[in-house]
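Beneath this line is the structure, given in structure tokens, with notes to follow.
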Amino acid sequence: MNLLIKGARVVDFSQDFVGDVYIEDGIIVEIGKNLNKSCEVVNGKGRVLMPSFIDTHSHFREPGYTYKEDILSGCRAAVRGGYTGVNLMANTNPVCSTMETVDYVINKGKTIGLVDIHQCASITYDFNGKDINHIDNLSSKVKIISEDGKDVMNVKVMMDAMIKAKKKDITVMCHCEDHDLSNVDMRLAENMMTWRNITLAEYTGCKVHMAHVSTKESIDYCIEAKKKGHKVTLEVTPHHIALTKDENDYRVNPPIRMEEDRQYLIKAIKEGYVDAIGTDHAPHTKEDKEKGAPGLSGIETSFSICYTELVKKGHISLNKLSEIMSKNTAEIVGFNKGQINIGFDGDLVLVDLNKEYVIDSNKFHSKGKNTPFDNKRVYGQVTTTIKGGKVVFQEEGDSDDNR
Ligand code: DOR
Ligand code: ZN
């Protein structure tokens with residue numbers, strides 16, 4: 001697809017200028033000023049053009065839990081949130097432990113064509129905590145394995161999985177939680193396993209990605225490992241950046257923490273230790289939430305929450321936000337996206353930074369309306385999402401006339 005976006009403020013991790021971007025056959029081929037092409041043109045005036053967002057952590061629930069979300073509704077939610085690439089977790093039914101299930105998800109995503117999908121395989125077969133032989137049968141399509149939703153409790157099993165993963169150049173994505181401690185102290189449960197998983201990563205030399213790091217102590221363990229040069233990346237979620245337990249103890253795992261932790265996450269982002277924003281988009285039905293299911297539907301609110309809490313409040317620049325929502329996340333998941341440079345996929349978003357709006361879960365494209373952010377006033381609305389030079393989402397009522 002060919003597309004010319006004209007007159008936008010172009011922002012990625014390293015640039016900020018007013019100009020035009022031309023996408024040919026789905027790839028960015030020209031960046032400049034006053035470009036003229038005989039193709040569809042999108043007016044970028046009054047908007048910021050950024051690389052689309054890439055999510056290191058999403059649950060689209062298919063196969064098995066399609067009453068909560070399916071690949072189509074997940075993809076529609078993603079593009080509404082400005083995302084064109086996602087890393088999906090393996091806690092489906094059946095669990096993604098075979099190439100058959102992984103391929104099912106990837107192929108369905110391709111047919112839909114809105115979002116590129118990386119599907120994680122599980123670390124242990126069927127999340128049984130013991131068997132890891134299936135890792136041998138994973139094709140090179142699987143770049144990340146994860147037990148997200150739980151952790152691998154047996155330390156030897158986790159160590160052997162990391163050894164296997166390292167040999168295949170696979171990243172182990174860690175949901176750090178000691179289940180023996182979950183009912184005792186959720187903070188200790190995260191801290192202990194963050195330390196354990198990092199120690200194992202250092203020992204085995206395996207690449208690890210730490211999911212939804214939420215405590216001060218866990219951040220410190222990750223920073224220490226990074227300083228020693230170990231292959232550790234880490235993500236934080238928009239909800240752990242925006243909420244505190246005292247104000248809104250929304251049920252999610254890991255739990256919403258204290259103000260001190262929230263401040264520490266922001267400090268770590270500012271100092272460059274946080275690689276990624278991962279939404280942990282976890283859609284549930286109203287009934288499941290009432291029964292205590294942890295998680296929130298977060299992919300449609302992620303940019304606005306992060307922009308409002310981090311950029312608007314002066315903690316980081318828009319370049320930095322682009323780095324942790326697009327450039328780094330694309331690198332972690334393995335997509336040729338996340339930068340506005342020649343040769344990268346033409347996956348871009350237009351955002352209206354001045355637009356203040358109220359989050360309304362009734363408008364979500366996700367089946368999951370579970371959010372702690374209903375009625376929250378935020379800035380920064382995604383107005384257009386482009387994938388490979390094709391407009392895949394357009395905010396209703398956003399026309400050229402008002403610019
Ligand atoms: O809150 C959560 N929900 N945390 C997880 O780790 C899993 C997720 C889910 O799948 O619902
Ligand atoms: Zn998790």
Side-chain angles (χ1 to χ4, degrees), residues 56-57 87 89-90 120-125 127-135 138 142-237 240 253-255 257 260-261 264-265 267-269 271-276 278 280 328 331-332:
T56 48
H57 191 154
N87 180 38
M89 297 302 108
C120 282
S122 60
I123 300 174
T124 68
Y125 186 80
F127 285 178
N128 69 14
K130 294 189 282 233
D131 304 330
I132 56 168
N133 287 331
H134 69 292
I135 297 175
L138 300 176
V142 177
K143 300 186 189 85
I144 307 172
I145 53 176
S146 172
E147 209 88 331
D148 188 77
K150 48 204 258 180
D151 207 335
V152 177
M153 285 292 285
N154 185 293
V155 62
K156 177 72 165 44
V157 172
M158 188 57 144
M159 185 179 98
D160 288 342
M162 285 191 189
I163 291 168
K164 269 188 193 291
K166 187 187 179 216
K167 281 197 188 126
K168 294 187 78 150
D169 198 25
I170 287 175
T171 300
V172 173
M173 179 167 171
C174 300
H175 169 119
C176 299
E177 179 179 351
D178 187 322
H179 298 283
D180 290 333
L181 295 174
S182 303
N183 288 329
V184 181
D185 184 331
M186 278 298 271
R187 179 176 200 91
L188 190 62
E190 176 174 339
N191 293 347
M192 293 299 280
M193 284 310 223
T194 305
W195 181 83
R196 185 204 74 171
N197 290 332
I198 279 184
T199 305
L200 287 177
E202 291 179 359
Y203 183 80
T204 59
C206 174
K207 268 189 291 177
V208 289
H209 175 69
M210 311 307 276
H212 43 50
V213 180
S214 72
T215 68
K216 208 167 169 259
E217 296 81 11
S218 291
I219 289 274
D220 277 341
Y221 293 140
C222 296
I223 292 176
E224 239 175 79
K226 274 174 175 278
K227 283 186 178 162
K228 284 192 250 163
H230 294 297
K231 296 172 200 144
V232 175
T233 53
L234 71 127
E235 75 184 27
V236 299
T237 72
H240 289 112
N253 194 9
R257 304 291 187 186
E260 211 184 314
D261 296 296
Y264 211 73
L265 300 189
K267 183 168 170 275
I269 293 173
E271 291 174 355
Y273 292 117
V274 173
D275 302 275
D280 197 0
N328 293 352
E331 283 170 8
I332 290 165

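- Residues A90 and S146 approach most closely at CB-O, 4.0 Å, considering heavy atoms.
- Heavy atoms from other residues, nucleotides or ligands lying under 6.0 Å from CD of E271 number more than 12.
- Using a distance-only test at 3.5 Å, with no hydrogens or angles considered, no donor-acceptor pair links the side chain of H175 to the main chain of E147.
- Counting only residues at least two apart or on different chains, the salt bridge (Lys or Arg N to Asp or Glu O under 4.0 Å) pairs with a member in residues 161-178 are D136-K164, D169-K207.
- Although no hydrogens or angles enter the test, the distance criterion places a donor-acceptor pair under 3.5 Å between the side chain of E190 and the main chain of S214.
- To the nearest 0.5 Å, atoms CE (M210) and NZ (K226) are separated by 11.0 Å.
- We find the CE-CE distance between M89 and M173 to be 3.5 Å, quoted to the nearest 0.5 Å.
- In plain terms, the two heavy atoms of K227 and Y273 that are nearest each other are CE-OH, 3.3 Å.
- For the atom pair S122 OG and I135 CD1, the distance stands at 8.0 Å (nearest 0.5 Å).
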Practice prompt. Under the side-chain contact (heavy atoms from CB on, under 4.5 Å) rule, what do V152 and I132 come out as? Steps first, then yes or no, please.
Written response: CA-CA 11 Å; V152 177; I132 56 168; over 6 Å; no
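- Considering only heavy atoms from C-beta on, S182 stays 4.5 Å or farther from D180 through its side chain.
- Closest approach of A225 and E202 over heavy atoms only: CB-OE2, 3.5 Å.
- The local environment of NZ in K156 is sparse, with at most 12 non-hydrogen atoms from other residues, nucleotides or ligands closer than 6.0 Å.
- Annotation: side chain of R187 is in contact with side chain of K216 (closest heavy-atom distance under 4.5 Å).
- In this structure, D148 and A211 approach most closely via the heavy-atom pair OD1-CB, 4.3 Å.
- The side-chain contact (heavy atoms from CB on, under 4.5 Å) test with R196 is passed by exactly one of L200, T194, I198: L200.
- T124 and G129 make their closest contact through OG1-N, 2.9 Å (heavy atoms, listed as atom of the first residue, atom of the second, distance).
- Contact of the M186 side chain with the R257 side chain is registered, since non-hydrogen atoms from C-beta on lie closer than 4.5 Å.
- Counting only distance, with no hydrogens or angles, the side chain of D131 and the backbone of Y125 share no donor-acceptor pair below 3.5 Å.
- Taken to the nearest 0.5 Å, the CG atom of N87 stands 4.0 Å off from the CD1 atom of I144.
- One finds the CD atom of E331 at 10.5 Å from the OG1 atom of T233 (value rounded to the nearest 0.5 Å).
- Between H212 and H57, the angle of the ring planes lies from 30° to 60°, which puts this pair in the tilted group.
- For N191 and T215, the side-chain atoms include at least one donor-acceptor pair closer than 3.5 Å.
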I would like to know whether D261 and H240 meet side-chain contact (heavy atoms from CB on, under 4.5 Å); could you show each step before the answer?
-> CA-CA 8 Å; D261 296 296; H240 289 112; over 6 Å; no
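- Y221 and N197 share no donor-acceptor pair across their side chains, judged by distance under 3.5 Å alone.
- Residue D151 holds its CG atom at 7.0 Å from CD1 of I123, rounded to the nearest 0.5 Å.
- Looking only at side-chain heavy atoms (C-beta outward), T204 and M159 come within less than 4.5 Å of each other.
- For H209, the ring-ring contact (aromatic ring centres under 6.0 Å, His included) test picks out no residue, with sequence neighbours left out.
- Contact record, T56 with G278: OG1-CA, 3.3 Å, taken as the closest heavy-atom pair.
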